[in-house]
Structures are given as structure tokens and as C-alpha cells.
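Structure, as C-alpha cells:
Lettering of chains follows the sequences in order, A, B, ..., and the numbering in each one begins at 1.
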2 protein chains.
Amino acid sequence: MNLSESVEMYLETIYFIQENHGHAHVIDIANMMNVSKASVSKTMNQLKEEGLVNKETYGHITLTDKGETISREIVKKHYSISRFLEKSLKLNPSEAAKNACKMEHIISDEMIKAIEMYLEEIDQLAGK
Amino acid sequence: MNLSESVEMYLETIYFIQENHGHAHVIDIANMMNVSKASVSKTMNQLKEEGLVNKETYGHITLTDKGETISREIVKKHYSISRFLEKSLKLNPSEAAKNACKMEHIISDEMIKAIEMYLEEIDQLAGK
DNA sequence: GCATTTTGTTAACTCAGGTTAACTTATTAA
DNA sequence: TTAATAAGTTAACCTGAGTTAACAAAATGC
């Protein structure tokens, strides 16, 4: 599964909206991502084709199991990177999040594993 | 000066070739970047327009002062990030470089400053 | 229950950054 | 010095990811 940065952002956004509202609307996604409704609508069809979201015409949007699994992974990466930047570089949370949001789409599996190990060690030292 | 990731990669590549050979050829850039000669040729015209490279038709390519200044900054970022990843995450040099090569185009000024501070501290501790 | 407003869709378009193919110009080696 | 090869250019094209504008469907509020 090699998804574009753009598709990853859509999935992540849907995930967050769904977490708070059970499902997402085209307009919510458009607002959160600062893109047009048209762009969202078009992308949703594509994601539906790929089995990542459920949606009928004019209906609301939810992630499929497959879509949710992938989204969870991205979100997890996001948090790990963010925490790593806060801890190692003392970035403040919003600066860390901003950078994590870009990095989550490009770093290697090996790097994300290394980040997870780094965080585990920190937690260990902090007495779990 | 807000350059695309693609343009930054071209500049960086020219910088490296120029370092070793005094100037670059379309074919060198194409080979190093794994793109077609046509793509390089087209991009060089654009960079020339923007005052970043010197080049006459069928002539070789060098960076202008402006182009070199920018390239140097990107290359410096690259090395800082690379070293940061090696030190903080114990990535091996090639893995670090691979990730740095993506990150150099996207991280914030604040983050790169934090990385530089991190590295200074390390150097300090190591007795300069 | 219907008019208004909001939301969603579609079509036609843009733009960056690639490609291939056909061609021209330079370089090289016999 | 010229034929063959390598390098560079140009035109026409493709794709992903966005846009605007016109329209259709749904939701809302009297």
C-alpha cells in the first residue's frame, strides 16, 4: 500500500472527524484541509474505488476497516514523531505537530522504528 | 525564496557535481536524479530565468552566486539533519542520509535551528 | 409543506513536473 | 576529417491534485 501524501492527509482527516462525530461530511473535510468541496468529492470517489472509505452519492463518509487500519498507522506515526521532536529538540507541541505532519508521509520504516525505540527508552527511564 | 522540493533537488545535485567537476552537464544531472535529459533541460531553462544557474544553449551548467548561496543552505541542512538522525536515533549513515534528503525540503526554520543547537551541545560535551 | 440555505456533484480548466520521440549539435575515435 | 556515438533540445503528451462555476439534492426554519 503506497499512498500519496495527499491521500494520507485525507485519510487522517477523516479519521479525526470520525472520532468526534462518527462520520465525516465533504464539507468538514474541505474546511479542515483548506481545499474545495469539489476536490474532496472527487477524492472520495477515488478512495471508495480503492476500498478505503464507504460512501454513497450524497451520503456521509466513513472509513472502511482497511481505511481505518491505515489511518491509525499514520496517526500513530504522527504522534510518535511529534513526541520525538518535543523530547529530543525541545520543540513546543504546536511546532512539533506542524513538522510531524509533514514528516509522517516521508520517513522510512527504519526511522519510525528507531523513533519508537527512542520513546520506549525515555518511558523506561521515567519509571514507565 | 520559496522553492519547490523538485527545484531544491536540482540545485543540490548541481552543487555536488560542480564541487567535483567545476560545472555540470545535463546528462550528469539526469543520471544522478534518475530523470530524463528532457526534464533536466527544461528545468535548467526555468532556473536560468530565475537567475539560479548560468547556461547557454548546449553549454554546461554552473550555479550563479544566488544559486550557490541557496544550494549551500540546503546542503548544510542536509548534513545537520543527517547528523542529528545518526546521533539521536542511531541511524546508520546511509539511512540517515536517505531520510535527511526528504526532510531537508519540509522542516521548519525553527526545527532546523533546534537541530543546530542540539548538535552544538553534543560537540561541546565531546570537548569541542 | 415549501422557500431558502447549505451541502454535494460534475465538467471544464490549470499547473507542476514528469515522459517519449524526433530532431540537432557536439564529441570522439579510426 | 568524417562517420558514428553521445549529449542536448523541443514538441506533444500524461498524470495527480488542485481550482471555479453551474447545477442538483438535502436540510432547515417558518
With a 4.0 angstrom cut-off to heavy atoms of chain B, pull out the first and last contacting nucleotide of DNA chain C, in 5'-to-3' order.
-> C:dG17 to C:dT25
Report the relative orientation of the aromatic rings in A:His60 and A:His23; use parallel for angles under 30°, tilted for 30 to 60°, perpendicular for over 60°.
-> parallel
Would you call A:Glu95-A:Lys98 a salt bridge at under 4.0 Å N-O?
-> yes
Would the number of heavy atoms belonging to other residues, nucleotides or ligands and lying under 6.0 Å from CG of A:Asn20 be above 12?
-> yes
Check ion pair B:Arg83-B:Asp123 (N to O, under 4.0 angstrom) = yes
Scan for side-chain hydrogen bond (donor to acceptor under 3.5 Å, both in side chains) pairs involving residues 27-43 of chain B, sequence neighbours excluded, and state none if there are none.
-> B:Tyr10-B:Ser39
Can you check each nucleotide of nucleotides 8-19 of chain D against protein heavy atoms at under 4.0 Å and return B for base, S for sugar-phosphate only, - for none, in 5' to 3' order?
-> BBB------SBB
Check whether A:Ile122 and A:Leu85 end up in the same hydrophobic cluster, where Ile, Leu, Val, Met, Phe, Trp and Tyr are linked by side-chain heavy atoms less than 4.5 Å apart.
-> yes
Heavy-atom side-chain contact between A:Leu52 and A:Glu68 under 4.5 Å = no
